[in-house]
Amino acid sequence: MILRQLFFLIICCVLILPAIASGISLKELGRFAVGDDDHVFGQSSGNIIVTDGSSIKFHDRRWKVRSTVKLDSGQSAIVAENGLYYAIVEARQEPDSNAVGGIVNVYDLRQTPLWGAFDMRKGDHYLSPSGDYIVTVTGTPGWLDYEVHIYHKNHPPVDYKIEFFEDLYFSDNGEFFLVDCGLKGGRLINSSGELVDSTGVFQGCAFSEKGELFALYDKGIINVYKGRKLYADHDFQQLLIKRMVVRKEVNLLVSAFHDMIVVNRLDNGENLWRYNTEKENGRFVSMDVSPDNKFVACGVDVNVGRKVVKEKRHVQGFLYVYDIGGQVVEMKEFRYTTYIEGTPEVSFGPDGRTIFVRTSGLIYVIGVF
């Protein structure tokens, strides 16, 4: 009798429990159109802002446009990646070709002016997630004469000369940003404009939740730093990384490469799980981790027509969702005829149960149930 009960319990654990664990579904909650050249911000906070060069569109919680700010020919918009702040740059009318670019005004989501900067340089502008400073990078491609300018609402402007510029990464709280100077390494700078550290060459960067750790990827190795000291290193022997997420609070490093997703313990590099794409010719193109650290979402591109013009390509995109323990939870397919590099692009909303999936012409809002 006891053996029979034990056998029944084993059957339940092997057959029933996995079915319960995998009984999570993905449901489309809504969708809205975006153009090929539109820039979308605010998925992480749920405050969706879309810019197209001539306007700023603010979406409500039902993902409908609730208001629009029109830009004239002398204006441009900067939006914080989290969608909590935006800025409008007013070009100066003088025909002078000096580096002076104009006036910038920063606003919150209620379109209330917060602060402004004058005589801001022309160049590429980046608004911090905290909304209290703007970074402008100036320079001429092909010439080693770049400069970084930090405009803070509470501090005087700060300038740095760099020899090259590739990209710029903010920590989630805006306390730090890292400038990728290509073969010249990197510059870690805090929000007040102080140079914190210089790094070696890297091809990817990620900050932990509060910015106390940052990770750099180079030639298959991810090094995680705490201040100026090496905290941990992870050797993946992969040539190209799509994204990495550092979560200090749960001791996890999640990495997306061309052909696999990997989850490691952050402090010692122990591998917890990894998966390859299940689709032939599939490749991972995007990845995000839910704010509560319970799910990993991945965008998979299956493009069978890379050698034909993009308008005629037959493209499939897939959303993969795993639980943080590595079980495949659900998969959803998206079909679109126009191909854009990096799609489908996935990102979690603030509730951890909403996933925004961008394809070539739409953003799908997917619920995890």
Side-chain angles (χ1 to χ4, degrees), residues 8-29 43-44 172 204 206-210 212-213 215 217 222 224 231-238 241-279 282-301 317-333 344-357 365-369:
F8 178 75
L9 289 173
I10 292 174
I11 293 297
C12 287
C13 290
V14 173
L15 298 180
I16 299 176
L17 290 182
I20 294 174
S22 62
I24 298 175
S25 62
L26 302 179
K27 179 182 178 182
E28 183 178 324
L29 304 178
Q43 294 95 319
S44 63
D172 287 346
F207 287 91
S208 61
E209 302 94 314
K210 297 179 181 179
E212 66 271 59
L213 301 177
Y217 168 83
I222 295 178
V224 184
Y231 179 78
D233 64 300
H234 306 252
D235 190 352
F236 295 101
Q237 299 181 358
Q238 293 287 317
I241 196 167
K242 292 298 180 181
R243 193 184 178 211
M244 50 189 171
V245 175
V246 176
R247 292 289 170 85
K248 183 177 185 297
E249 293 181 0
V250 290
N251 192 31
L252 291 178
L253 171 67
V254 185
S255 309
F257 298 95
H258 177 86
D259 59 350
M260 68 178 182
I261 296 293
V262 185
V263 176
N264 282 5
R265 293 195 185 280
L266 181 62
D267 57 356
N268 61 18
E270 177 189 353
N271 177 243
L272 300 178
W273 58 269
R274 67 178 61 199
Y275 278 114
N276 296 94
T277 60
E278 298 182 9
K279 299 296 180 182
R283 55 178 182 169
F284 290 107
V285 293
S286 61
M287 180 270 288
D288 198 15
V289 179
S290 63
D292 58 6
N293 303 303
K294 291 185 177 181
F295 298 100
V296 179
C298 304
V300 175
D301 166 35
F318 287 86
L319 166 65
Y320 285 11
V321 180
Y322 308 88
D323 68 19
I324 201 64
Q327 179 176 334
V328 178
V329 174
E330 188 59 270
M331 183 186 303
K332 188 172 179 62
E333 179 182 0
E345 178 184 311
V346 304
S347 52
F348 276 98
D351 61 358
R353 296 299 180 274
T354 304
I355 304 173
F356 297 94
V357 182
V365 186
I366 307 297
V368 181
F369 298 91

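Starting from 1, each residue takes its place in the sequence as its number.
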Check your understanding: Please walk me through it: do Val365 and Phe356 pass side chain to side chain contact (heavy atoms under 4.5 Å, CB included)?
Key -> CA-CA 5 Å; Val365 186; Phe356 297 94; 4.0 Å; yes
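- Residues Pro291 and Phe348 come closest through the heavy atom pair CD-CB, 4.1 Å.
- Contact between Asp288 and Val346 at its shortest, heavy atoms only, is CB-O, 4.0 Å.
- Of all heavy-atom pairs spanning Asn268 and Glu270, the tightest one is OD1-N, 2.9 Å.
- Remark: Cys298 SG to Arg243 CZ distance equals 10.5 Å, nearest 0.5 Å.
- Here the closest heavy-atom approach between residue Gly352 and residue Ser290 is recorded as O-CB, 3.9 Å.
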Practice item. Test Lys248 against Glu209 for side chain to side chain contact (heavy atoms under 4.5 Å, CB included), laying out the working first. Key: CA-CA 7 Å; Lys248 183 177 185 297; Glu209 302 94 314; 3.8 Å; yes
Exercise for review: Check step by step if side chain to side chain contact (heavy atoms under 4.5 Å, CB included) holds for Arg353 and Lys294.
Suggested key: CA-CA 10 Å; Arg353 296 299 180 274; Lys294 291 185 177 181; 3.4 Å; yes
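- Atoms CZ and CZ, from Phe257 and Phe236 in turn, are 4.5 Å apart once rounded to the nearest 0.5 Å.
- Within the 4.5 Å cutoff, no side-chain heavy atoms of Val254 are placed close to those of Arg247.
- For the residue pair Ser255 and Ile241, the shortest heavy atom distance occurs at CB-CD1, 4.4 Å.
- Put simply, the side chain of Asp351 gets close to the backbone of Thr354: a donor and an acceptor are under 3.5 Å apart.
- Residues Ala232 and Leu266 come closest through the heavy atom pair CB-O, 3.2 Å.
- Between the side chain of Glu212 and the backbone N or O of Lys210 there is at least one donor-acceptor pair closer than 3.5 Å.
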Exercise for review: Go through the steps to decide whether Val368 and Glu330 satisfy the test side chain to side chain contact (heavy atoms under 4.5 Å, CB included), and finish with yes or no.
Suggested key: CA-CA 9 Å; Val368 181; Glu330 188 59 270; over 6 Å; no
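- Put simply, CD1 on Ile324 and CG on Leu252 are 5.0 Å apart, with the number rounded to the nearest 0.5 Å.
- In this structure, OH in Tyr320 is found 12.0 Å from OG in Ser286, a value given to the nearest 0.5 Å.
- Between the CZ atom of Phe284 and the OG1 atom of Thr277 there is a distance of 5.5 Å, given to the nearest 0.5 Å.
- With hydrogens and angles ignored, the 3.5 Å screen pairs no side-chain donor or acceptor of Asp267 with any backbone N or O of Asn251.
- Note that NE2 of His234 is 5.0 Å distant from CG of Leu253, once rounded to the nearest 0.5 Å.
- Taking Asp233 as the reference, Asn223 meet the side-chain contact (heavy atoms from CB on, under 4.5 Å) condition, with sequence neighbours excluded.
- Applying the side-chain contact (heavy atoms from CB on, under 4.5 Å) rule to Ala206 yields the partners Met244, Val246; only residues at least two apart in sequence or on another chain are considered.
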